[in-house]
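For reference, the structure is listed below as structure tokens.
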Protein chains: 2
Amino acid sequence: MLRVITKELTPMSDEKTEYTISDLAKEFEITSRSIRHYEDEKLITPTRRGVHRIYSARDRVRLQLILRGKRLGFSLAEIKEIIDLYGVEGEQRQTERLLELINVRRESLKQQLKDIKYLLNEFDVLEEKLTSEHQAK
Amino acid sequence: MLRVITKELTPMSDEKTEYTISDLAKEFEITSRSIRHYEDEKLITPTRRGVHRIYSARDRVRLQLILRGKRLGFSLAEIKEIIDLYGVEGEQRQTERLLELINVRRESLKQQLKDIKYLLNEFDVLEEKLTSEHQAK
DNA sequence: TTCGAAGTTTACGTTTGCGTAAAGGTAAGC
DNA sequence: GCTTACCTTTACGCAAACGTAAACTTCGAA
């Protein structure tokens, strides 16, 4: 039987405001261990209710960012650097560093874009070749 | 002073036909160690002239494939599986397995495509915000 | 033929990103 | 107040992808 989280503070609210670690683990299909690991690496810092971790909507977004970064092949350290800079507002040196990082990333992402388009096309061609050949038997 | 490889066998040929390990290392900006590692993992098998490795144009292409795979976040084992299947012609079971793999990859690649487009857009927005804010000072 | 740059094998070391117990604490529902 | 699902910390383990050092060998140029 499923345990009910914590009674909604805003009873008829549309958007959840709090999540347990396993809520997020299930939603994003990862393990709780991974989420705790991201915390160890200072990528996310949920609040605590006693000893238990409580994740806000903002925390959830951060987790999404982390996973997106991972899918793109960034290391946790790189993701942390970007996310951290992301939050800083108006500090000049930080801003320039972030712009610098963005442009490096942009080049790398554009290359990946090319790679992916190339591969998807290769796959299309190959699949057609294979299936027609398959039919021919 | 740079050492000259082996005298071109086809003197006025347009395309090189042979490469040393450091030729490829330089061209693709990786270490020789990495290339040897790919060989250890059976991803590439250059011929030998005595004890030295000699890479053909085909080997060079394989290396390109490996690096492209890496940029897309595939493991060497995955890259090997794809490359290996790639070469097989006409064998039914292999063909079906390859189609299966392709379709799994395709989904993952499409997700990455989304991620990249999303991020590139985010970067554009963020850069604009940062530079305008920067100007405003 | 001697030198030096580049190549070779062998093998242990390192980082990253979690997996996986172990050993227990907490709270909702009966 | 007891059960039970879920949470916690601590810590060792492990595979992947090379780095790096050691100790040669090879070969083209001088």
Side-chain angles (χ1 to χ4, degrees), chain A residues 1-9 18-56 59 62-63 65-83, chain B residues 1-9 18-56 59 62-63 65-83:
Chain A
M1 194 168 285
L2 285 178
R3 202 61 68 81
V4 178
I5 336 291
T6 300
K7 323 276 196 230
E8 289 287 302
L9 299 180
E18 296 190 347
Y19 308 84
T20 68
I21 194 166
S22 51
D23 283 344
L24 295 184
K26 273 175 203 161
E27 177 174 357
F28 295 113
E29 299 184 281
I30 56 181
T31 65
S32 297
R33 176 66 178 90
S34 295
I35 300 180
R36 288 196 199 97
H37 180 63
Y38 303 150
E39 185 175 348
D40 288 345
E41 302 296 323
K42 321 279 185 191
L43 282 156
I44 189 170
T45 49
T47 56
R48 300 276 180 146
R49 171 134 56 240
V51 74
H52 291 89
R53 293 169 174 82
I54 304 291
Y55 296 84
S56 68
D59 290 329
R62 280 182 83 89
L63 186 53
L65 283 176
I66 295 169
L67 298 180
R68 178 153 39 229
K70 287 208 54 184
R71 281 196 300 269
L72 297 180
F74 297 128
S75 72
L76 294 184
E78 291 174 314
I79 295 171
K80 174 175 164 48
E81 188 173 17
I82 291 185
I83 289 185
Chain B
M1 193 166 286
L2 286 177
R3 202 59 70 81
V4 179
I5 336 290
T6 300
K7 324 278 198 225
E8 289 288 302
L9 299 180
E18 295 191 348
Y19 308 83
T20 68
I21 194 166
S22 51
D23 283 343
L24 295 185
K26 274 175 203 161
E27 177 174 357
F28 295 113
E29 299 183 282
I30 56 180
T31 65
S32 296
R33 175 66 176 92
S34 295
I35 301 181
R36 288 196 198 97
H37 180 63
Y38 303 150
E39 185 174 348
D40 287 346
E41 301 296 322
K42 321 280 186 189
L43 282 156
I44 189 170
T45 48
T47 56
R48 301 275 180 148
R49 174 139 48 244
V51 75
H52 290 88
R53 292 170 174 81
I54 305 291
Y55 296 84
S56 69
D59 290 328
R62 279 182 84 90
L63 186 53
L65 283 176
I66 294 169
L67 297 180
R68 175 153 42 228
K70 288 209 54 183
R71 283 196 299 270
L72 297 180
F74 297 129
S75 73
L76 294 185
E78 291 173 315
I79 295 171
K80 173 172 164 49
E81 187 172 18
I82 291 184
I83 290 185

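By convention in this document, chain letters (A, B, ...) are assigned in the order of the sequence lines, proteins followed by strands, and residues within each chain are numbered from 1. Owing to the predicted nature of the structure, the values given are computational and were not obtained by experimental measurement.
Between the C1' atom of C/dG7 and the CZ atom of B/Arg36 lies a distance of 7 Å, rounded to the nearest Å. In this structure, the CD1 atom of B/Ile66 is 16 Å from the P atom of D/dA16, given to the nearest Å. Atom NE2 in B/His52 sits roughly 6 Å away from atom P in C/dT8 (whole-Å rounding). For B/Arg49 and C/dA6, the CZ to C1' distance is 15 Å, given to the nearest whole Å. As rounded to whole Å, 14 Å separates atom C1' of C/dG7 from atom CG of B/Leu24. A/Ile54 places its CD1 atom 12 Å from the C1' atom of C/dA27, with the value rounded to the nearest Å. In this structure, CD of A/Glu39 is placed 11 Å from C1' of D/dT9, rounded to the nearest angstrom. Atom CG in A/Asp40 sits about 10 Å away from atom P in D/dT10, given to the nearest Å.
The residue A/Arg53 sits close only to the backbone: its heavy atoms come under 4.0 Å of sugar-phosphate atoms, none of a base.
Using a 4.0 Å cut-off, some side-chain N or O of A/Ser22 falls inside it from OP1 or OP2 of D/dC7. Of the side-chain N and O atoms in B/Arg48, one or more sit less than 4.0 angstrom from OP1 or OP2 of C/dT9. Between C/dG7 and B/Thr20, a contact under 4.0 Å exists linking OP1 or OP2 to a side-chain N or O.
Between the side chain of A/Thr31 and the main chain of A/Ser34, a donor-acceptor pair closer than 3.5 Å is present. A donor-acceptor pair is defined here as one N or O able to donate and one able to accept, closer than 3.5 Å; such a pair exists between the side chain of A/Thr20 and the backbone of A/Asp23.
Annotation for A/Glu41 and A/Lys80: closest pair O-CD, 3.5 Å, computed over non-hydrogen atoms.
The closest side-chain heavy-atom distance from B/Leu63 to B/Glu27 is not below 4.5 Å.
Among B/Ile30, B/Asp40, B/Ile66, the one residue that satisfies the side-chain contact (heavy atoms from CB on, under 4.5 Å) test with B/Ile35 is B/Ile30.
The OH atom of A/Tyr19 sits 7.5 Å away from the CG atom of A/Leu24 when rounded to the nearest 0.5 Å.
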Contact pattern, 5' to 3', of nucleotides 12-19 of chain C - B, S or - by protein heavy atom under 4.0 Å: -----BBB
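A/Lys70 pairs by the side-chain hydrogen bond (donor to acceptor under 3.5 Å, both in side chains) definition with nothing, not counting sequence neighbours.
Nucleotides of DNA chain C nearest to B/Ser32 and A/Gly50 differ in position, and the one nearer the 5' end is that of B/Ser32.
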